[in-house]
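Report on one structure; see the data block that follows.
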Amino acid sequence: MSQDLVSLQFAPADLDAVDSALAVLEAKLEALVTLTAAERRKAIKMGDKSEVFCRQTELVLRQNPGIVPSNFDLAGLQEDLTALDALRPRLQRLRALTDRADDTELALGSDILSASLDGYALAKVGGKGTALDTLKDAMQTRLSRKPRKAGTPAA
């Protein structure tokens with residue numbers, strides 16, 4: 001094999017432990033929401049600068065309870081800030097793990113394709129027989145496909 005970006009094997013017990021850990025995460029984070037595309041578009045986005053504004057506003061309102069009307073949910077604002085502060089470091093860890101998993105998936109796929117292309121080259125040069133002919137036909141079809149231009153009908 002000409003390429004080996006990753007060499008990885010998962011023990012069944014390790015996969016069971018990962019699945020159990022994921023089940024615990026899913027259960028403990030069941031309160032997380034899923035927004036629709038429309039909800040995501042409509043939501044006011046809080047960036048770094050607006051977060052500073054939000055935290056300063058909460059501080060001013062907390063220090064001046066006399067200006068806060070009874071129908072304003074200051075406690076809800078404070079709970080949301082506390083939840084955000086609790087979620088972020090965990091989300092950072094999850095993203096880092098997901099990034100590593102994505103890179104590993106890409107590396108495995110790349111290694112598999114690289115080895116398969118090497119194997120195809122060997123089959124193409126020295127292969128005889130029905131199984132190798134089938135492989136060569138399948139690979140020729142795959143390798144001879146060219147991207148179609150927009151508006152061009154499929155063959």
Side-chain angles (χ1 to χ4, degrees), residues 1-59 62 72-127 129-150 154-155:
M1 195 158 74
S2 62
Q3 175 182 303
D4 190 17
L5 297 175
V6 63
S7 183
L8 180 65
Q9 292 181 351
F10 294 106
D14 290 341
L15 291 176
D16 289 343
V18 168
D19 290 340
S20 294
L22 289 171
V24 169
L25 284 173
E26 290 165 345
K28 295 297 181 182
L29 297 174
E30 70 181 343
L32 297 180
V33 300
T34 301
L35 300 177
T36 65
E39 290 170 327
R40 283 177 145 299
R41 277 191 306 274
K42 288 182 182 179
I44 301 169
K45 311 316 185 275
M46 181 177 73
D48 294 340
K49 291 179 183 176
S50 56
E51 182 175 344
V52 171
F53 163 76
C54 294
R55 290 182 185 278
Q56 289 174 339
T57 300
E58 183 278 329
L59 177 64
R62 184 171 19 105
F72 184 83
D73 189 10
L74 179 58
L77 170 62
Q78 292 167 328
E79 287 174 8
D80 287 350
L81 283 168
T82 300
L84 180 65
D85 291 341
L87 178 62
R88 276 193 174 149
R90 285 131 187 111
L91 186 55
Q92 231 174 352
R93 291 175 64 190
L94 285 170
R95 283 185 178 134
L97 186 58
T98 301
D99 288 347
R100 288 177 47 210
D102 287 341
D103 286 350
T104 302
E105 180 185 30
L106 186 142
L108 286 168
S110 183
D111 284 354
I112 292 166
L113 182 56
S114 177
S116 297
L117 290 170
D118 290 346
Y120 169 70
L122 293 172
K124 188 176 174 183
V125 170
T130 306
L132 293 175
D133 289 342
T134 302
L135 173 63
K136 289 187 334 186
D137 290 344
M139 287 304 296
Q140 285 173 346
T141 300
R142 182 208 176 280
L143 294 175
S144 67
R145 285 188 191 157
K146 293 185 178 148
R148 292 181 316 185
K149 293 182 180 176

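Position 1 is the first residue of the sequence, and the numbers go up from there.
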### Task
Take atom CD of Glu39 as the centre, draw a 6.0 Å sphere, and report whether it contains more than 12 heavy atoms from other residues, nucleotides or ligands.
yes
### Summary
Rounded to the nearest 0.5 angstrom, the CG-CG distance for Leu117 and Leu122 is 11.0 Å
### Message
Measuring from atom CG of Leu94 to atom CD of Gln92, what distance do you get when rounded to the nearest 0.5 angstrom?
### Response
10.5 Å
### Query
Heavy atoms, side chains only, cut-off 4.5 Å: are Asp102 and Thr98 in contact?
yes
### Query
Can any side-chain N or O of Ser114 pair as donor or acceptor with the backbone N or O of Ser110 at less than 3.5 Å?
no
### Whether Thr104 side chain and Arg100 backbone form a donor-acceptor pair below 3.5 Å
yes
### Query
Does the side chain of Arg90 reach to within under 4.5 Å of the side chain of Leu29, using non-hydrogen atoms?
no
### Task
Report the distance from atom CG of Leu8 to atom CD of Glu105, rounding to the nearest 0.5 Å.
12.0 Å
### Message
Just so I know, are the side chains of Leu32 and Leu87 near enough to count as touching, which here means a heavy-atom distance under 4.5 Å?
### Response
yes
### Query
For Cys54 and Met46, which heavy atoms make the closest approach, and how far apart are they?
SG-SD, 3.9 Å
### Message
Would you compute the distance between atom CG of Leu84 and atom CZ of Arg88 and round it to the nearest 0.5 angstrom?
### Response
4.0 Å
### Value rounded to 0.5 Å, distance of CD in Gln78 from CG in Asp80
10.5 Å
### Query
In Å, rounded to the nearest 0.5 Å, how long is the span from CD of Glu51 to CG of Leu81?
7.5 Å
### Side chain proximity check, Arg62 to Leu77, heavy atoms < 4.5 angstrom
no
### Message
Asp48 vs Val52, test: side-chain contact (heavy atoms from CB on, under 4.5 Å). Steps then yes/no.
### Response
CA-CA 7 Å; Asp48 294 340; Val52 171; over 6 Å; no
